[in-house]
Amino acid sequence: MGATKWRIFTIAITGTCKNEGMPELPEVETARRLIADEALHRRITDVDDSDTFVCRPHSPGELRAALTGRTLTAARRRGKSMWCETSEDGPDLGIHLGMGGRILVTSADGRVAEGGGPRRRNAQRHKAEWDRFTLSFADGGSLVLFDQRRLGRVRLNPAIDALGPDAADVTPAEFRGLITRGSVAVKARLLDQSRIAGVGNLLADEILWQARVHPAARTDTLRPADADRLYRALESALKSAIARGGVHTGDVIAARHPGGTCPRCGAEMRHGTVGGRSTWWCSREQALAEGQAPTTVR
Ligand SMILES: [Zn+2]
């Protein structure tokens with residue numbers, strides 16, 4: 001199996017259609033902004049790191065020993081990975097939201113602010129047993145990773161070097177280079193976190209629809225004009241998802257179902273598996289140009 005095929009296969013087994021609502025860059029960005037606005041410079045007096053699954057490979061008490069007495073000094077993000085810098089040259093605290101984790105920050109006067117994965121319509125009331133990791137502050141408030149599905153992750157000094165440039169920071173020239181190289185389906189390339197960090201399944205479909213590019217078009221057949229339209233679509237889809245509260249608010253997302261029609265031209269939406277993921281596209285406006293079909297269709 002070649003490296004590219006292996007990568008597509010890896011994407012296929014790590015993501016499933018049921019998990020389409022997982023946090024992508026915009027959701028993680030709302031959590032990052034929440035921490036930056038509400039949780040910095042508050043002295044940490046206790047840490048509940050007793051969930052050994054979420055805090056692996058650390059043993060209970062290790063995060064507490066490393067963080068107690070410090071403050072968070074900055075909240076950073078690349079793609080879907082988020083981390084906080086800590087005072088006195090302390091370790092970075094990595095917080096990954098997994099498939100639906102949310103950050104809850106409680107102020108000194110008991111007000112709770114939330115950010116992160118989308119709230120499910122039938123979300124159950126906040127249960128303490130789903131608090132997977134907690135920082136307690138000297139002022140009486142706290143920062144909690146709330147994660148019903150327990151797929152989030154907290155760790156010290158997370159590795160982010162394997163990630164490509166953040167999708168919100170990538171330059172047009174960088175983007176054109178990474179989106180046209182090689183011969184994979186363009187959607188698989190958008191999902192490849194080592195090339196560009198932060199685009200998940202829903203955002204990829206939204207970007208391709210906005211740019212009127214077929215998801216299975218081979219990267220080496222994209223023209224400069226296609227790459228430029230994809231770049232502008234990436235920028236506008238990200239901006240709008242951050243402003244509206246998540247990738248589920250994208251313009252084509254509500255049409256991703258059998259019988260759905262394109263909200264722009266009214267044509268029938270098509271469905272298939274591209275890059276190992278459930279994919280929807282407009283049958284009229286996202287047609288494959290001649291010679292754009294991938295050598296192997298998944
Ligand atoms: Zn259309």
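Numbering of ligands and ligand atoms starts at 1, following listing order.
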Taking the six-membered ring of Y231, is NZ or CZ of R229 closer than 6.0 Å to its centre and within 45° of its axis? no
Check the surroundings of atom CG in D109: do more than 12 heavy atoms from other residues, nucleotides or ligands lie under 6.0 Å from it? yes
Does V144 belong to the same Ile/Leu/Val/Met/Phe/Trp/Tyr cluster as W83, with side-chain heavy atoms less than 4.5 Å apart forming each link? no
Sort and list the pairs that fulfil side-chain hydrogen bond (donor to acceptor under 3.5 Å, both in side chains) and have at least one residue in residues 152-165, not counting sequence neighbours. none
Any chance the side chains of S278 and H271 put a donor and an acceptor closer than 3.5 Å? yes
Under 2.8 Å from the Zn ion (ligand 1), which protein atoms of type N, O or S occur, listed by chain and number? C262 SG, C265 SG, C282 SG, E285 OE1
Quick check with a 6.0 Å cut-off and a 45 degree axis cone: is R270 positioned over the face of W280's six-membered ring? no
